[in-house]
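Encoded as structure tokens, the structure appears first; notes follow it.
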Amino acid sequence: MQEAIKETGSKRGMELRSGQITETGCTERIRKLNGILHAARPNLDIHRTRVFTKYFSTHESESQIRKRYFAMAEVYRSMPVRIEPGERLLGWQGSKVRCNNFSIESHAHWLESDFDTFETRAFDPWLIDPEDKRELKEIHIPYWKEKTLTSKFRAQTRKPDVLLSSGYVDCSNYISNPGSHFIPDYRELLAIGYEGYYLKCKKLLEEMDQIDPENIGKRDFYEGMMAVCEGIRDYGVRLKEAAYETAAKESDEARKAELIEAGNRAERITWKTPECFADALHAVWLNTMLLNVEASGPCINVGRLDQLLWLYLEADLESGKETVASALEWMEEYNIKCCNIPWLLTEALAHCFGGYYRWAGGYSVGGYDANGNDAVNLLSYICVRSVRETKTTAPAVHVHIGSKTPESFLRECVKLSAEGLGHPSYFDIESVYKMIQYNGAGLNGINNLPLKLIRERATTVGCVEPKIEGYCYGHTNANITNLGNTVSLTLTNGILPEGCPGYGAGTRIGCESGDPTTFTTFEQFYDAFMRQYKYQIDLCQEHMLVAEKLLAEEHQMPLFTMMTTDAIEKGTDVVSGGAILNSGPHYMLTGVADLGDSLMAVKKLVYDDKVLTMEQLLEAVAADFEGYEQIRQMCIHVPKYGNDIDEVDLLTSRALQDCVEYCATLKCGRAGNYSSAGIQPTQTNVAMGEMCWALPTGRKALTPLADTLSAEQHMDVSGPMAALRSYGKINHSACTNGTILNMWISKGDLVAE
């Protein structure tokens, strides 16, 4: 047993990450494909860029939606085709392994400044062909750099630098990466195929009242959508042709038959409906890949994959077409393909979201069915096991659990956790239901989605965000809100400390919330914090409304719209409100423990115990505690969130609740829904911490903030159960955009057999 533990857990994970182990998987085919993945460095492809520049520059008088729809149709029609040895799930987003066929209209404003360091930059370096680089510099960037969303956002907002480079808040991910955190309606795609969408658009166009003012622009919508369907169909034909050509050169008869079958399948699923499990899985992969080509944002996930594909696999198992072992091999190939979609970011954003992770093709398993019964099936186990075998960072696996979840399935999931790879994420399904019911409905509202539908289609996307398959649209991490800097500005009456490296240091970027030395009660200090926070969120909201308008006008997305339930029937693109539930912009709060512990330190040291004056605390914090070590130790030893101490836990919970509830009072621009907040800051606690001055917790300036909802680093000293009891005092359901809790547990405490 000890030997088994030695060969698993975090040690194994570190070996994988360091490249010592690459060829892993259940069969020789999978091991070789995994080796191909790990042998390739992330690289850039400019096929999509060439198509967009050519189409837009030669059709400038057309409507924006027509240009975007027909340009994407041509992108899909002419996609690069490659086939790797052993692969059966055909389709790559570019001409090389691990490439990004990126959105020039999202990135042109910053690309040139990074060119000289692309291959060597500290965070997420990229390979790019020298001739492609020259072409980008001479042709594509000059055409697009003043047309990107970020360029227009800067020109149409006030104080854009506060929103982009101060460390106060950051919305650059929203305007640089539109089209993210999306769950397609795969139920409809698998039921009608792309042909079904084409026929639906054709019928609606033929029946459309041409003189109804409501229908102005819908001809471009429907004709463009039909062109996209045809482009995908033509891509499938080209995949088949390439597979047949490769098969003709193949000496191995078994591989020759595989290639012919794969080509026929690619042609079939890019127009018709799937006939078996392999068809359905291939359809999911291809559509996921094509969505990632259309948009620049991350986290385009599948939803409840074990529910979507189980009927196909069940039938194939009964007929003998598939076995458990062959289904496992199919899923492992899918895992490897999902790792071939890296995320292109500026170096600054890569510092926040580093690792190239685009979280492509992630899925949920487990949970309940529409009637509230346990929904775990054999495919649920196969999915979890497949990631244990391939040991890949993608797709992200989300496990939905409840009181009815079988213990055997939980044990299988814990075995995956013991690998030390960050899989899977665990979700209480009842909390997910509650978050969805209140998402987008405002502070005191509830949306009208029926509970049976929520149970059937409820899923999670990206890190933790709750969604309904096909029903939801809204960028879930529209901005990063730095709660550490909100506390800092409360201490300084709105002035960003001079030692901060971001824009505006030494100037007032917050509001005048009052001189803290004049406050006679803790409640006055708390009220000042809330004034700073509301000013911060109001500034964000003002800018987010501009961004939403720009997105609706400039960044229509046909395949996203096609995959959104009833958007075709509305004739409305998803960025303009085509979804049934339009939510966001969502606020991503970073530094929850820093907030709670800071408030507790001020309350206890200054107001309750009166061992420090406010002047003394402010002097120590302003000096980054240099020369004030005694005061720093007093701050450190104040009770900390994460140790099951009601006083600090409930204060943290109160502050977080007040923060997220304020977000829910703000109306968004898309279809009249409301904003919401969540706690899913991934690595941003490090980058945001590097732009935040010292805090009353004893934390030194420019060091990481606390991770997600977790306690401050090294401050949860009473054991994991005490920490869990603290975290349980948070009203997670109020954070309708989801909450992340990371806990690091010794591998010896997990099952590893």
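Nothing here was measured: the structure is a model prediction, and the numbers come from that model. Scope of the values below: all heavy atoms of this structure, side chains included, with no hydrogens, waters or symmetry mates.
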### Message
Quick check on K570: does its NZ atom have over 12 non-hydrogen neighbours (other residues, nucleotides or ligands) under 6.0 Å away?
### Response
yes
How about F153 and H543: are their ring centroids closer than 6.0 Å? yes
(request) Hey, can you tell me if W359 and W343 have their rings parallel, tilted or perpendicular (30° and 60° cut-offs)? (result) perpendicular
Q. Does atom NZ of K549 have more than 12 heavy-atom neighbours from other groups under 6.0 Å away?
A. no
Sorted by chain and number, sequence neighbours left out, side-chain contact (heavy atoms from CB on, under 4.5 Å) with N371 holds for D369, N373, K452
Here the gap from D597 atom CG to T652 atom OG1, rounded to the nearest 0.5 Å, amounts to 6.0 Å
Kindly indicate whether the side chain of L705, heavy atoms from C-beta on, has any atom under 4.5 Å from the side chain of C692. yes
Are Q556 and T561 close enough that some pair of their side-chain heavy atoms sits under 4.5 Å apart?
no
Residue pair Y674 / T665, side-chain heavy-atom distance below 4.5 Å = no
Do we see a donor-acceptor contact under 3.5 Å between the side chains of Y368 and E430? no
Short side-chain to backbone donor-acceptor contact, H398 and G462, under 3.5 Å:
yes
Correct closest heavy-atom pair for Y533 and C659 would be OH-O, 3.0 Å
- Find out whether L305 and C383 are in side-chain contact, i.e. whether some heavy atom of one side chain is under 4.5 Å from a heavy atom of the other. yes
Is there side-chain contact between M225 and Y197, with heavy atoms separated by less than 4.5 Å?
no
Could you go through the side chain to side chain contact (heavy atoms under 4.5 Å, CB included) check for E294 and I300 one step at a time? CA-CA 11 Å; E294 179 170 282; I300 298 167; over 6 Å; no
On a heavy-atom basis, the closest approach of N292 and G297 is OD1-O, 4.3 Å
Let's go through E690 and H351 carefully: what are the C-alpha distance in whole Å and the side-chain angles of both, what is the deciding distance for side chain to side chain donor-acceptor pair (under 3.5 Å) to 0.1 Å, and is it a yes or a no? CA-CA 11 Å; E690 291 175 354; H351 186 23; 2.7 Å; yes
*Does R304 pair with E469 as a salt bridge, N-O distance under 4.0 Å?*
no
Measuring only between side-chain heavy atoms, which start at C-beta, is F182 closer than 4.5 Å to K467?
no
(Q) Taking the side chain as everything from C-beta on, heavy atoms only, tell me whether E554 gets closer than 4.5 Å to R68. (A) no
One should read off an interatomic distance between H555 NE2 and T148 OG1, to the nearest 0.5 angstrom, of 10.0 Å
ask   = Should L656 and C735 be marked as a side chain to side chain contact (heavy atoms under 4.5 Å, CB included) after you check the CA-CA gap, both sets of side-chain angles, and the distance that decides it?
value = CA-CA 9 Å; L656 179 59; C735 303; 4.3 Å; yes
- prompt: Between T708 and S710, is a side chain to side chain donor-acceptor pair (under 3.5 Å) present by the stated rule, with each step listed?
  reply: CA-CA 5 Å; T708 61; S710 305; 3.3 Å; yes
> Under 3.5 Å, side chain of Y426 to main-chain N/O of C413, donor-acceptor pair present?
Replying inline: yes
message = Pair Y438, S733 - check side chain to side chain contact (heavy atoms under 4.5 Å, CB included), show working.
response = CA-CA 8 Å; Y438 290 95; S733 297; 6.0 Å; no
*Stepwise, does the side chain to side chain donor-acceptor pair (under 3.5 Å) test hold for T390 with Y334?*
CA-CA 10 Å; T390 55; Y334 173 81; over 6 Å; no
Cationic N near anionic O, under 4.0 Å, R457 to D185:
yes
Closest heavy-atom pair, D707 versus Q713, reported as atoms and distance to 0.1 Å, is N-NE2, 4.2 Å
ask   = With distance as the sole test, does T288 use its side chain to make a donor-acceptor pair with the main-chain N or O of G361 at under 3.5 Å?
value = no
Y473 side chain vs G578 backbone, donor-acceptor pair below 3.5 Å: no
Exercise. Indicate yes or no: at least one non-hydrogen side-chain atom of V365 is less than 4.5 angstrom from one of V384.
Key: yes
Between M743 and L724 the two heavy atoms that sit nearest each other are SD-CD2, 3.4 Å
**Prompt:** In terms of ring plane angle, is the pair F409 and Y381 parallel, tilted or perpendicular, where the classes change at 30° and 60°?
**Reply:** perpendicular
Looking only at heavy atoms, the pair that brings S676 and C663 closest together is C-CB, 4.1 Å
Test side chain to side chain donor-acceptor pair (under 3.5 Å) applied to Y727 and T739, step by step = CA-CA 11 Å; Y727 305 144; T739 59; over 6 Å; no
Check: Are the side chain of N737 and the backbone N or O of A677 linked by a donor-acceptor pair below 3.5 Å?
Finding: no
With a 3.5 Å distance limit and no angle check, can you tell me whether K337 reaches the backbone of M289 through a side-chain donor-acceptor pair? no
Here the gap from E661 atom CD to T736 atom OG1, rounded to the nearest 0.5 Å, amounts to 10.5 Å
Side chain to side chain contact (heavy atoms under 4.5 Å, CB included) test vs I468 passes for just one of L449, T565, I183, namely L449
Given side chain to side chain contact (heavy atoms under 4.5 Å, CB included), test N479 with Y174 step by step and report yes or no. CA-CA 7 Å; N479 64 73; Y174 184 41; over 6 Å; no
Check: G366 main-chain N/O paired with D306 side-chain donor or acceptor under 3.5 Å: yes
(Q) Quick one: does any side-chain atom of N485 pair with a main-chain N or O of G167 as donor and acceptor, under 3.5 Å? (A) yes
Distance col, row D594:CG vs N685:CG, nearest 0.5 angstrom, shows 8.5 Å
Rounded to the nearest 0.5 Å, the OG1 atom of T459 sits from the CD1 atom of I429 at a distance of 8.0 Å
Taking every heavy atom of S296 against every heavy atom of H107, the minimum-distance pair comes out as CB-NE2, 3.8 Å
Keeping the roles fixed (side chain from Q541, backbone from K667), state whether a donor-acceptor pair exists under 3.5 Å.
yes
Test item: N482 side-chain N/O and G591 main-chain N/O as donor-acceptor pair under 3.5 Å
no
Here the gap from I341 atom CD1 to N101 atom CG, rounded to the nearest 0.5 Å, amounts to 11.0 Å
